[in-house]
Amino acid sequence: MIIPHPLLGPRDAAEFVYLGDAALIDRPDWQAEDALAAFHDYGYLRDNPAGPHKELWYHEQGDRSWLVVTRDTTTHEITAVELARDVARSRGRSA
Amino acid sequence: MTQQYRIKGGGQIDRSTDIAFTFNGKAMKGHPGDTLASALLANGQRLVGRSFKYHRPRGILTAGSEEPNALVQLRSGAHQEPNTRATTVELFEGLAATSQNHRGSLEFDLMAATDLLSPFLAAGFYYKTFMWPRAFWEKLYEPVIRASAGLGRLSMQEDPDRYDKGFVHCDLLVIGAGPAGLAAALAAGRAGARVILADEDFTPGGRLNAETLSIDDMPGADWATQAVAQLTAMDNVRLMIRSTVYGAYDHGVYGLLERCTDHLPDPGGKPRQILWRVYSRRAVLAAGSTERPIAFGNNDRPGIMLAGAMRTYVNRFAVAPGQRIAVFTNNDDGWRTAADLSAAGIDVPAVIDSRDALPPIDLPGIRHVRGAGVVDTVGRKGVRSITLTDGQMIPVDGLAVSGGWNPNVHLTCHQRGRPAWRDDINAFVPGGTLPPGMAVAGAANGALTLAAALAEGRATANAQIKELGFKPSRAAAPRAEDEPRESAPFWYVRESTKRAWLDQQNDVTVKDVKLSYQEGFRAVEHLKRYTTLGMATDQGKTANIPALAIMAECTGKTIPETGTTIFRPPYTPVPMGALAGRARGRDFRPFRLTPSHDWAKANGATFVEAGNWLRAQWYARPGEQGWRDSVDREVLMTRKSVGICDVTTLGKIDIQGRDAGAFLNKVYCNGFATLAVGKVRYGLMLREDGIAYDDGTTARLADNHYVMTTTTANAVLVFRRLEFARQCLWPDMDVHLISTTDGWAQFAVAGPNARALLRKVVDSDHDISNAAFPFMGCAEITVCGGTPARLFRISFSGELAFEIAVPARFGHSMMDVLMEAGREFDAVPYGTEALGVMRIEKGHAAGNELNGQTTAHNLGMGRMVSQKKDCIGNVLSQRPEMIRDDAVKLVGLRPVNRADKLIAGSHFINRGDDATMDNDQGWMTSVAYSPSLGHSIGLGFVKSGDTRQGEIIRAVNPLKTGEIEVEIVSAHFIDPEGERLRA
Amino acid sequence: MRYSAFRILREGLTGNKGWKPVWREPDPKPEYDIVIIGGGGHGLATAYYLAKEFGLTNVAVLEKGWLGSGNIGRNTTIIRSNYLLPGNEPFYELSLKLWEGLEQDFNYNAMVSQRSILNLFHSDAQRDAYVRRGNAMILAGADAELADADQLRAELPFLDFDNARFPIKGGLFQRRGGTVRHDAVAWGYARGADSRGVDIIQNCEVTGFDIENGTCAGVQTSRGAIRARKVAVCVAGSSGRVMAQAGMRLPIESHVLQAFVTEGLKPVLPGVVTFGAGHFYVSQSDKGGLVFGGDIDGYNTYAQRGNLPVVEDVAEGGMAIMPMIGRARLLRSWGGVMDMSMDGSPFIDKTHINGLYFNGGWCYGGFKATPASGFCYAHLLARDEPHPTATQMRLDRFMTGNLIDEKGQGNQPNLH
């Protein structure tokens with residue numbers, strides 16, 4: 001596979017390390033009432049869709065960016081690639 | 001007489017040169033340009049192998065990589081290469097080939113007796129028997145089956161050849177250099193696109209070399225030569241011959257195997273093959289088509305060959321596959337074989353056409369048998385006669401069979417596209433979704449005639465490059481005519497009562513397909529798996545479609561309703577050596593060497609693999625009897641005076657930024673908010689699931705500057721996780737990370753004389769006294785008169801100890817300096833074994849304890865996990881099953897009988913209990929002989945171990961040594977109060 | 001029809017005309033006691049044991065393609081019970097014992113071959129872990145044997161002992177481990193279930209569940225609605241897709257595992273060998289092909305095909321321990337979709353929906369588990385309580401923290 005890196009252009013997927021669903025960005029609030037249940041769902045349950053999937057790839061043998069790649073799990077077609085940091089900010093994560 | 005079947009004149013062989021080769025030890029001759037198959041035929045060798053199951057005598061069926069029968073062992077010794085298709089081997093001087101899969105000689109194979117038993121060995125017979133008595137399967141039945149199955153033999157020696165890997169990029173990859181591929185490459189090349197044209201053959205041209213067709217008023221083979229010359233002259237075109245595109249992968253990546261020296265007697269220092277990864281923007285598949293046979297009784301005899309292959313041998317290799325050859329066809333193309341054979345002076349007694357129609361081409365003097373078929377043949381080691389459906393017998397020594405042509409759609413299906421059926425050509429063509437970027441042209445796309453293939457190749461390439469922004473060239477299209485290509489859906493001669501072969505290598509017959517239907521194995525995948533159809537080395541390239549047609553007939557469905565099995569990579573088999581490339585033997589993975597590696601090597605070190613690192617394991621001295629002597633000495637001398645160990649392999653991460661401290665507080669489970677500048681703290685990292693992950697120390701060098709160390713094994717992984725935390729979880733924190741593992745050489749200097757030694761090295765303006773630089777202190781210093789260094793007062797050994805880091809380029813010198821400074825103290829270098837002994841003596845957890853399954857609670861560090869802050873892993877670490885009181889806890893263990901040796905991996909069982917998993921109390925994680933204590937010691941996890949000190953339990957090791965009694969003790973075997981390290 | 005050597009002789013002499021279909025091709029009935037979704041190995045085994053052990057035959061197995069088209073049709077055929085953890089080992093040992101009597105039990109030769117499995121180790125730490133595991137196996141009633149490098153050199157002289165990047169220091173044998181002809185397992189179970197009255201319905205895709213008030217009363221399929229008292233999902237790589245129709249998110253990701261076979265060769269390898277310093281496992285089939293595999297590709301996919309980096313990585317692993325296979329040719333590669341769970345261990349459990357049961361999360365170790373998975377799932381379906389060897393294989397174990405993480409990799413499926 002080839003991942004079009006938003007900063008570096010097309011790079012072979014072998015340069016990257018895969019983590020999983022980009023929902024891993026949405027780490028729950030540790031002080032919430034249901035923190036344990038929320039961390040359980042965050043840590044263990046997955047949509048695992050057959051179709052477009054937003055997922056985290058790390059350019060370990062490159063610029064060390066974490067990327068959010070939108071890739072179809074039935075065809076492997078990649079339709080969007082974003083810096084994970086931008087995605088995290090857009091989902092309300094800060095410091 | 002040699003080469004008695006060589007036709008006088010013609011062919012693309014160099015008659016001026018003889019090539020000597022042997023087959024089964026028999027000396028033969030051929031010419032440059034020959035394949036092994038053509039040379040064997042030229043020498044009259046028609047019997048070349050034995051089939052898989054029934055050991056039937058077999059000859060050469062095809063002239064290409066689809067060959068099911070003519071498999072040989074090529075070369076000898078460690079170069080022996082089993083299952084090699086004689087039809088693709090380029091003849092070279094001294095080539096030695098032997099036939100395979102027979103006991104006794106090829107001519108008199110003792111295993112041929114299985115053929116007589118064939119009524120009892122029908123498809124799937126083995127699923128129904130060999131079950132009694134049970135133990136006989138492994139002892140009797142299976143060994144017999146295994147010995148008779150298989151094909152060629154491996155030498156069992158290491159492959160002596162070298163293989164390389166390469167990466168190439170192009171705008172357009174053209175797969176196949178036949179008429180369509182050449183036309184495509186010419187079009188794209190003239191337009192200026194970067195083109196790779198790959199062909200599996202050693203002479204480009206594809207079927208043009210095998211035919212007598214014309215293009216632009218010249219013989220097709222000459223046109224191909226001219227086209228190749230034009231392409232070779234273009235800088236933007238790369239022609240790769242002997243190169244098979246074997247797989248279509250995601251995003252325009254193709255796998256390509258180039259056979260660089262297989263055609264030479266000796267590689268001459270060059271790699272045997274290169275595995276290329278082709279990155280293409282677009283591709284044109286012009287892989288041509290493969291002829292299929294018709295099934296009829298005894299259609300597997302040597303001398304019976306596909307009609308197109310006959311033309312290849314006659315026209316390209318100037319070899320007569322026989323002297324009297326009949327043709328059996330269901331289509332127009334078979335007639336061209338009759339014409340070409342006849343033109344070459346071979347007697348063609350008849351063309352038998354399954355169709356009741358007029359001849360498509362006029363062949364005066366050749367008998368036409370209309371609406372008929374061949375029902376049987378005679379001739380065990382070579383066909384001698386054929387019998388037709390009307391009973392007449394025709395003496396022959398060859399039979400050309402044509403059942404029509406299958407487009408080579410394989411690569412179009414590698415991403416699970418399904419081919420579509422075309423009734424007009426009775427074949428599957430590319431259908432459904434092709435791999436993105438791929439288009440198909442020529443015979444591979446069902447354009448089975450020459451003019452159509454040329455036009456389609458050109459047009460397809462132009463369409464592809466237009467999408468990339470190139471302007472197609474105006475050069476004239478090649479001119480040619482279309483040959484007659486009508487065909488009939490005729491698959492097998494139903495009048496045949498004898499066995500009619502479909503998959504000739506795996507010996508699958510028409511009856512087997514019908515039996516498969518009869519027994520309910522009707523799905524095409526069931527058919528394949530039950531009968532083994534198409535599972536041989538040729539993957540059923542010639543056999544599958546006729547078999548499918550017969551199954552369709554049985555079920556009353558159409559062929560497309562019946563479906564096909566899935567084409568998977570590789571298109572043709574790829575050697576394991578090529579796939580592995582240079583990553584083998586000592587080069588399987590790169591070595592990482594520590595800065596003191598050369599020093600250690602020069603000083604008697606034995607090395608051990610630690611991940612990709614090589615680390616000094618111990619330093620043997622003259623007179624020492626074994627590794628234990630060395631390790632004991634290193635431990636004792638370190639504890640008595642001072643020892644030095646290269647600990648560069650520990651991961652080092654430089655952390656800077658305004659929020660660096662807050663960040664550390666998130667990623668470690670214990671508090672880091674209060675760490676002062678100039679101080680070091682032990683940190684425990686959890687995974688988000690609450691399991692202990694890694695530990696190490698982090699030093700605060702300045703307000704916004706920290707240096708973290710990780711374990712050797714997790715250096716890369718921790719860094720990755722930190723980057724995740726930084727970019728994805730807390731993106732606005734001002735934190736910057738860089739791995740400095742390789743940037744700094746780091747040495748532990750441990751032992752009562754560590755400070756005295758370092759005082760000689762550290763520049764005098766740095767006070768390293770206990771008062772000024774106490775335990776867990778750190779500082780940026782200089783050594784040896786101004787060389788920058790970092791000093792940490794941390795201890796893994798439990799002794800007064802420092803770790804000193806210098807830029808890696810000074811690492812080797814630093815080791816020299818330290819050892820020189822330590823001479824007066826009898827300083828010793830120590831390796832990983834002594835390091836391990838000392839950490840077990842101190843009860844420090846390492847990889848065996850931090851194995852990804854244990855919690856801080858298990859490790860006795862549960863209270864370190866802060867619940868007062870947000871940090872990775874603290875929430876899930878509190879799940880009820882993970883904080884049970886009776887969970888296993890890390891303890892020390894010593895043998896009750898001090899002479900006993902502890903074994904890591906032993907399980908603990910209470911006295912009086914049965915040794916079963918139900919009574920399992922835990923396990924021994926790490927053991928060592930403690931030279932300080934004079935007996936074996938261990939660490940382990942014991943259920944509620946923290947409350948069981950002094951208890952005696954059994955350490956059982958049924959795997960090897962039975963069991964011993966051990967006492968649960970504190971894990972801190974040495975200096976439990978920690979006085980030494982604070983000294 | 002009972003199979004035997006005598007029957008083969010008789011049929012052989014009469015033109016093999018008397019062989020009967022191995023299974024019927026029934027139309028689905030409107031209602032069953034139990035509907036099993038998934039006609040792969042585990043689903044067929046479940047049906048077989050429901051009928052044979054629990055007398056439940058009003059059962060249908062619904063298969064969207066051809067029976068046995070799941071991972072039972074594409075795997076590296078290895079059986080073993082060399083597990084470490086108490087949540088796993090008794091279950092896999094039950095499976096191995098069932099394998100040992102399987103062929104006589106269902107009168108079908110699945111070529112269960114206890115040719116042994118050997119896990120090589122290359123470091124002291126790895127040895128320690130294998131000793132712990134081997135002892136756990138023996139304490140659980142399985143067999144295990146530790147071999148040092150010298151023993152291995154005598155037994156498997158073709159391994160690379162002299163020039164390896166990661167020297168072979170020894171290995172852990174399980175002699176009772178081995179290989180099985182995978183397709184025959186599906187066929188044997190199907191035949192056994194069918195002959196006892198179970199309807200195996202091919203080309204029947206489930207398109208939805210009939211769930212009302214927290215109870216599942218049946219399924220919608222491409223061949224119409226089918227009512228059932230109990231619906232048992234058993235669809236491996238399709239778990240995510242199918243359970244999404246019941247509104248459930250699972251602790252599972254779907255990943256592709258590639259497997260490979262070489263051209264046929266005369267006998268080379270006596271048993272199964274696995275590499276300890278890279279990911280590679282290999283055996284030789286009775287037909288002569290070296291059957292091998294390695295790591296999953298590592299990204300979520302349902303595409304049933306993989307990519308080149310893993311192919312090359314696996315080949316490197318093979319050449320690293322057996323440099324004599326350099327001139328053997330890779331013949332074919334597959335990609336199968338694996339239901340990779342969050343701790344690498346499976347689930348055989350009820351769901352929170354009444355009447356809906358789930359079996360999945362087998363990662364890429366499901367083949368060896370086929371008999372026990374079927375047996376324990378049948379037990380759960382028939383008795384509504386877990387089989388004693390499968391009590392820990394629950395969906396709620398991530399909530400309680402009672403993990404079964406053999407590899408210690410945590411909640412990242414692609415590392416298991």
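Each of C:M319, C:E406, C:K287 has some count of heavy-atom pairs under 4.5 Å with chain B, and the biggest count is that of C:K287. Taking chain C as the reference chain and counting heavy-atom pairs below 4.5 Å, the highest number among B:R153, B:K960, B:R272, B:H907 is found for B:H907. Per-residue heavy-atom pair counts under 4.5 Å with chain C were compared for B:Q157, B:E142, B:E81, and the maximum is reached by B:E142. Comparing C:D128, C:D162, C:D143, C:D313 by how many heavy-atom pairs each has under 4.5 Å with chain B, the most go to C:D128. Highest contact tally toward chain B, considering only C:F260, C:Y130, C:W23, is held by C:W23 [criterion: heavy-atom pairs under 4.5 Å]. Chain C forms the most heavy-atom pairs under 4.5 Å with one residue out of B:A610, B:A915, B:P570, and that residue is B:P570. Looking only at heavy-atom pairs under 4.5 Å with chain B, the residue among C:G288, C:G401, C:G289 that has the most is C:G401. Residue with the most contacts toward chain B among C:L13, C:D405, C:I321, C:N16: C:N16 (heavy-atom pairs, distance under 4.5 Å). Heavy-atom pairs under 4.5 Å with chain B peak, among C:E100, C:R133, C:Q412, at C:E100. Contact tally against chain C (heavy-atom pairs below 4.5 Å) for B:S118, B:G247, B:P569: the top residue is B:P569. Among B:L71, B:T916, B:V927, B:T925, the residue with the largest count of heavy-atom pairs under 4.5 Å with chain C is B:T916.
Taking the six-membered ring for Trp, C:Y3 and B:F125 have ring centres at least 6.0 Å apart.
Of the possible polar contacts, one joining the C:N109 side chain to the B:Y126 backbone as a donor-acceptor pair under 3.5 Å is found. Not a single donor-acceptor pair under 3.5 Å links the side chain of C:N307 to the backbone N or O of B:Y249. Not a single donor-acceptor pair under 3.5 Å links the side chain of C:D183 to the backbone N or O of B:Y530. For B:H526 (side chain) and C:L67 (main-chain N/O), a donor-acceptor pair under 3.5 Å exists by modelled atom type. Put simply, the side chain of B:R687 never gets that close to the backbone of C:N411: no donor and acceptor are under 3.5 Å apart. In terms of modelled atom types and a separation under 3.5 Å, the side chain of C:Q104 and the main chain of B:M131 share a donor-acceptor contact.
Using a 4.5 Å heavy-atom threshold, the side chains of C:K20 and B:E519 count as separate. Side-chain contact between C:R181 and B:R529 is present, with heavy atoms from C-beta onward closer than 4.5 Å. Between C:K266 and B:L151 the shortest side-chain heavy-atom distance does not fall below 4.5 Å. The shortest distance between side-chain heavy atoms of B:V608 and C:D124 does not fall below 4.5 Å. C:R305 places a side-chain heavy atom less than 4.5 Å from the side chain of B:D250. Residues B:P573 and C:L331 are in side-chain contact: their nearest non-hydrogen atoms beyond the backbone lie under 4.5 Å apart. Using a 4.5 Å cut-off on side-chain heavy atoms (C-beta onward), C:M111 and B:I145 make no contact. Counting heavy atoms from C-beta outward, C:V112 and B:W137 have side chains that stay 4.5 Å or more apart.
Under 4.0 Å is where a charged nitrogen must lie from a carboxylate oxygen, and between C:E25 and B:R522 at least one such pair does. With respect to the salt-bridge test (charged N to carboxylate O, under 4.0 angstrom), the residues C:E11 and B:K128 do not qualify.
Partners of C:E316 according to the side-chain hydrogen bond (donor to acceptor under 3.5 Å, both in side chains) rule, which considers only residues two or more places apart in sequence or in another chain, are B:R589. Remark: C:R7 pairs with no residue by the side-chain hydrogen bond (donor to acceptor under 3.5 Å, both in side chains) rule, at least two apart or across chains.
Among B:R416, B:R568, B:Q415, the single residue meeting the side chain to side chain donor-acceptor pair (under 3.5 Å) criterion with C:Q304 is B:R416.
Taking CZ of B:F941 as the start and CZ of C:R132 as the end, the distance is 8.5 Å to the nearest 0.5 Å. Between C:L403 atom CG and B:E881 atom CD the span is 9.5 Å, to the nearest 0.5 Å. How far CE of C:M322 is from CE of B:M156: 8.5 Å, rounded to the nearest 0.5 Å. Note: B:N919 CG to C:L139 CG = 9.5 Å, rounded to the nearest 0.5 Å. Atom CG in C:L290 sits 7.5 Å away from atom CE in B:M576 (nearest 0.5 Å). Atom CG of C:N107 and atom OG1 of B:T129 lie 10.0 Å apart (nearest 0.5 Å).
A cation-pi contact links C:R165 to B:F591, judged by a cut-off of 6.0 Å to the six-membered ring centre and 45° from its axis.
Residues B:A523 and C:W66 approach most closely at CB-CB, 3.8 Å, considering heavy atoms. When all heavy atoms of B:L579 and C:A315 are compared, the closest pair comes out as CB-CB, 3.4 Å. The two atoms that bring B:Y246 and C:L308 nearest to each other are OH-CD2, 3.4 Å, heavy atoms only. Looking at every heavy atom in both residues, B:P82 comes nearest to C:L265 through CG-CD2, 3.6 Å. Among all heavy-atom pairs drawn from B:W132 and C:A5, the shortest one is CZ3-N, 4.4 Å. Here the shortest heavy-atom pairing between C:R327 and B:D159 reads NH1-OD1, 2.8 Å.
For the 3.5 Å distance criterion, the side chains of C:R332 and B:Q539 qualify, holding a donor opposite an acceptor. Using modelled atom types and a 3.5 Å distance limit, the side chains of C:R329 and B:T84 yield a donor-acceptor pair. Checking C:S113 against B:E138 by side-chain atom types alone, no donor-acceptor pair falls below 3.5 Å.
The parts of C:Q114 that come within reach of chain B are both its backbone and its side chain, each placing non-hydrogen atoms under 4.5 angstrom from that chain. Within the 4.5 angstrom heavy-atom criterion, atoms from both the backbone and the side chain of B:Q518 approach chain C. Residue C:I404 does not touch chain B at all, counting heavy-atom pairs closer than 4.5 Å. Proximity to chain B (any heavy atom under 4.5 Å) is shown, for C:E103, by both the backbone and the side chain. Residue C:Y108 touches chain B through both its backbone and its side chain, counting heavy-atom pairs closer than 4.5 Å. Using a 4.5 Å cut-off between heavy atoms, C:F173 does not touch chain B at all. Residue B:N506 touches chain C through its side chain alone, counting heavy-atom pairs closer than 4.5 Å. Interface remark: C:A328 contributes backbone and side-chain atoms alike to the contact with chain B (heavy atom separation under 4.5 Å). C:R2 touches chain B through its side chain: at least one heavy atom from C-beta onward sits under 4.5 Å away, while N, CA, C and O do not. Only the backbone of C:S285 comes within contact range of chain B, with at least one heavy atom under 4.5 Å from a heavy atom of that chain. With a 4.5 angstrom heavy-atom cutoff, B:H79 touches chain C via backbone and side-chain atoms both. No part of C:S123 comes within reach of chain B, as not one of its non-hydrogen atoms sits under 4.5 angstrom from that chain.
Taking the six-membered ring for Trp and thresholds of 30 and 60 degrees, C:W187 and B:F521 have ring planes more than 60 degrees apart, a perpendicular arrangement.
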